[in-house]
Amino acid sequence: QISADTTALYKRTLSGVVMTPSDGASLDPFNDRIRPTMVLETGDEYDLGVFAFADVSYRRYTFGRIFEANSLVDQGVLVDTPRPTSFSVSSGSSLRDAALAVIAELGMSTIADVDACTLTARGALAWRGGTSRLQILEDLAKLMLFYPPYFAANGRLKMQGVPIPLLDAT
């Protein structure tokens, strides 16, 4: 089951994953990712996202151990990587460039899609050391008039602008 809660620290979670002993034995829950797929009656397939493992357990049976993951999250790398030092954006600097700098620190530039944005910081912005990179990206997204950052079904980090009908119509 996939749950989505925009107010939670982890926006999308996947629960109830069970794997055979051989599949579970071949996984590294610290480094591997899972990409569940929905298959319709027509045979059409839809990717449901890329999730990292959390809360892994093994249930022992006479035929072997069953791998169970009660909760999987897809944005742990953003939440679990606080900046060791402060981060600042000077007045007049591009907000998009600031977001791209945070994404680059994570080594995720090649898997990130950030919409164009010409907005700049109206004043100096600063975040203390220890602030999660997700919090910094969420704050920048608000200033850029973007949705909060999320991982799309294709596993790419997305920062997408909110449609503004009055501005988009001109």
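Only a predicted model underlies this, so the values are computations on that prediction, with no experimental measurement involved.
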State the [atom1]-[atom2] distance between [X] and [Y], to the nearest 0.5 angstrom.
X	Y	atom1	atom2	value
I103	R96	CD1	CZ	8.5 Å
M38	E45	CE	CD	10.5 Å
L100	M108	CG	CE	12.5 Å

### Summary
Note: A141 and P148 closest approach over all heavy atoms is CB-CA, 4.4 Å
### Query
When clusters are formed by joining ILVMFWY residues with side-chain heavy atoms under 4.5 Å apart, either directly or through shared neighbours, do V39 and V18 land in the same one?
no
### Message
Under 4.5 Å between side-chain heavy atoms, counting indirect links through other Ile/Leu/Val/Met/Phe/Trp/Tyr residues: same cluster for L14 and Y46 or not?
### Response
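Yes, same cluster.
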### Task
Sort and list the pairs that fulfil ring pair (Phe, Tyr, Trp, His ring centres under 6.0 Å) and have at least one residue in residues 86-133, not counting sequence neighbours.
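Matches after skipping sequence neighbours: F87-W127.
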### Query
Pairs in or reaching into residues 128-147: which pass ring pair (Phe, Tyr, Trp, His ring centres under 6.0 Å), with residues at least two apart or in two chains?
none
Tell me whether [X] contacts the main-chain N or O of [Y] through its side chain, where contact means a donor paired with an acceptor under 3.5 Å.
X	Y	result
S132	Q135	yes
R122	G92	no
R128	T85	no

### Query
Of all residues at least two apart in sequence or in a different chain, which pass the side chain to side chain contact (heavy atoms under 4.5 Å, CB included) check with A99?
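Testing A99 for side chain to side chain contact (heavy atoms under 4.5 Å, CB included), a comparison that skips the adjacent residues, returns L137, L140, M144, M159.
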### Message
So L125 and L95, do their side chains get closer than 4.5 Å, heavy atoms only?
### Response
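Side-chain contact under 4.5 Å: yes.
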